[in-house]
Each structure stands twice: as structure tokens, then as C-alpha cells.
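Letters A, B, ... mirror the listed sequences (proteins, then strands); counts begin at 1.
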Protein chains: 2
Amino acid sequence: MRYGINETLKKNQLSVTDSRKKILELFMRSNGALAHADIEHQSGTEFDRVTIYRTLQTFVEKGIIHTIPTADNSVRYALCKDECSEGHHHDNHVHFMCDDCGTTYCLDHVIAPQLSLPDGFNATRTDVVVSGKCKNCE
Amino acid sequence: MRYGINETLKKNQLSVTDSRKKILELFMRSNGALAHADIEHQSGTEFDRVTIYRTLQTFVEKGIIHTIPTADNSVRYALCKDECSEGHHHDNHVHFMCDDCGTTYCLDHVIAPQLSLPDGFNATRTDVVVSGKCKNCE
DNA sequence: TATGCTAATGCAACATTGTTGCAAAATAAT
DNA sequence: ATTATTTTGCAACAATGTTGCATTAGCATA
């Protein structure tokens, strides 16, 4: 089940402000991940650049969105599933980034297998980043 | 078998210059991955910042080093194994980044398993980024 | 619904990171 | 040794991200 915008903000003890509503709406409407620049463009001159940075930071801290490591090292964010906001770690997250159109997908139903690491290494998080062509760019 | 500094440069049809020798040496001496800033610090004021950027870019193009996607989206580089310079792709690269000390390791002997992607998605590259505590920070 | 407290925003200034064009210097080829 | 090519350093710029502080907006309370 999916929460609405105001519900999500309140559930996380965040004041309901215009910028937060707008940015959260952008994420909910987007099927892929968003970069800071995407949000800046799509929200026009409505909000200060600093506000966007701080809002994204807050959302990450609250577990509303998460960052995605990408092959080109650009910072991208995507909505977390409901479990995230309840304190779960983002273990074994699988993401797909299209080399053509740049769209980044969360492949929630793809399960990243457990790796056996060398002695002395302890994993708290595993990110799998797949690059290639997505279903729209074949 | 491991090539020397001059050999590696010549093999890749690169002029042997001070900055390239120094930067390649830093990589060969380092057991982990290096960020641009690491190189800038370790080489002092010897080279211009722009030269370092361009050298790293050249090395990536020639397959001498490769970039590593990290959980914190900082750009890091590491030496490629010999196969890389012969045109192989960096499929199934597994990297480990320590949350404490920030050291990034190439785990060459850990094999990333094949994933089955949804219809329409074709992978050309898979990066696995494991975060946690490394053997020195336990 | 008015009031006061707390939290978020906008602005300015700054730091860091990365890019580009071009003249000078170093390297390679002859 | 001389010439041609490549690389470097400098300057200037663009993009990205951070911090402090005054103003504004949201929220709880009466």
C-alpha cells in the first residue's frame, strides 16, 4: 500500500511545506530515479537550490528516498519502498542504469545473491549496479 | 605478470612524461583505489590539477585504470588487471568500500553471480559495491 | 483564530570539483 | 639537431555542493 504525500511527511515527523510536497510528488510521479538537476529543472525557479539539497538530505535521513551508486558516479535518488521508512537497511539493492537514455530503475524483484567475502571483511550493504540498454532503448 | 611503469605507458602508445610516471607509480604502490584528491595530495604541488584530471581520463580510456562506483558517489580509480588493457569489459567487478577508513578494495577473486533481469533489459556491465568494515577496521 | 515557539526557507558567500581554449614546454620522430 | 606532435600549465569558467544567518512559514497552544 502506498501513502499519500501529506501522510508520508507527517508519518516522518516533517512539517508539510511547499517544497517538500512538490519534490515528493516528483518522485512519486517518476518511474525512475532523479538527480538533483532533474528536480531543479522540473520545479522551475520555485525553490532555492539550497532548499532542494536540504530537502533531499532530509528525505534520505528519514528513509523516504535513497541514493543510488551509478557507474558514472552521478548522484541519483529514488523512492524507498515502505519497508525503508521502518528502519530496514538497503541490503542487496539492485539498480539498472540505461547507457542510452540515462534512466535509472530500481529492480525491486531482482534479488542480489549473497557473496562470500574474504576473511576480515564484513558487509553492511551491497549495491548492485547494472548498466546496459533498458526496455525503451532496445 | 606485471609490467613496469615505462613499459605500461609505451604499450599503450602514451608519451612517457613525469606526471604519467608519477601517477601510475602511485597506483602501483597503493593497495586500494585512489580518488582524484588522493593523487593531488600525494603528488604535492608537482602537477597542475588539470593535468591530473587529463591523465586519469587518458588512463581510463586506455584501460590502465577503471572507475569504481561507490555508495557515496565519490569518484575513485583503481588499476586494471592485465586483461583490461587487452580490451576486456569489466563485467562483474566486485569492490569493497570501508565505511570507517574509506579504503576501497578490488576483490578480484570474489565472483559476482549472473542476475536474471526483467524482459527488455540487457546488461553490458555489472558493478557490485559492498560497504562495511574492512580487515583493518574490525 | 490569534499568539508564540520551532522549524524551514532564501540569500549571500564560499569551497570543491570538473571542463575548455590556448600558448609554452616537453617528448618523439626524422 | 631539427621539426612535428603531444602534453602541460595557466586562466577562466561552469557545475555542484556547503554554511551562516536573517526572514518566513508551519505548528501547537491557548
Any [X] side-chain nitrogen or oxygen under 4.0 Å from OP1 or OP2 of [N]:
X	N	value
Ser15(B)	dT6(D)	no
Thr17(A)	dT9(C)	yes
Ser19(B)	dT8(D)	yes

Let me know, please, whether Ala37(A) or Lys10(A) comes out on the 5' side of the other along DNA chain D by nearest nucleotide. Ala37(A)
Minimum heavy-atom distance Asn73(B)-Ser74(A), with the two atoms named: OD1-O, 3.1 Å
I'd like to check Ile65(B) versus Phe27(B) (side-chain heavy atoms, cut-off strictly below 4.5 Å). Are they in contact? yes
base_contact_polar (dG10(C) base, Arg54(A) side chain, donor-acceptor, <3.5 Å): yes
Mind telling me whether His36(B) and Tyr53(B) have parallel, tilted or perpendicular rings, with 30° and 60° as the class edges? parallel
Sugar-phosphate only, base, or nothing, as touched by Glu46(A) at under 4.0 Å among non-hydrogen atoms: sugar-phosphate
Assess whether a salt bridge exists between Arg20(A) and Asp18(A), defined as any Lys/Arg side-chain N lying under 4.0 Å from an Asp/Glu carboxylate O. no
From [atom1] of [X] over to [atom2] of [N], roughly how many Å is that when rounded to an integer?
X	N	atom1	atom2	value
Arg20(A)	dG26(D)	CZ	C1'	10 Å
Tyr53(B)	dT8(D)	OH	P	16 Å
His36(B)	dT19(C)	NE2	P	10 Å
Asp18(B)	dT6(D)	CG	P	19 Å

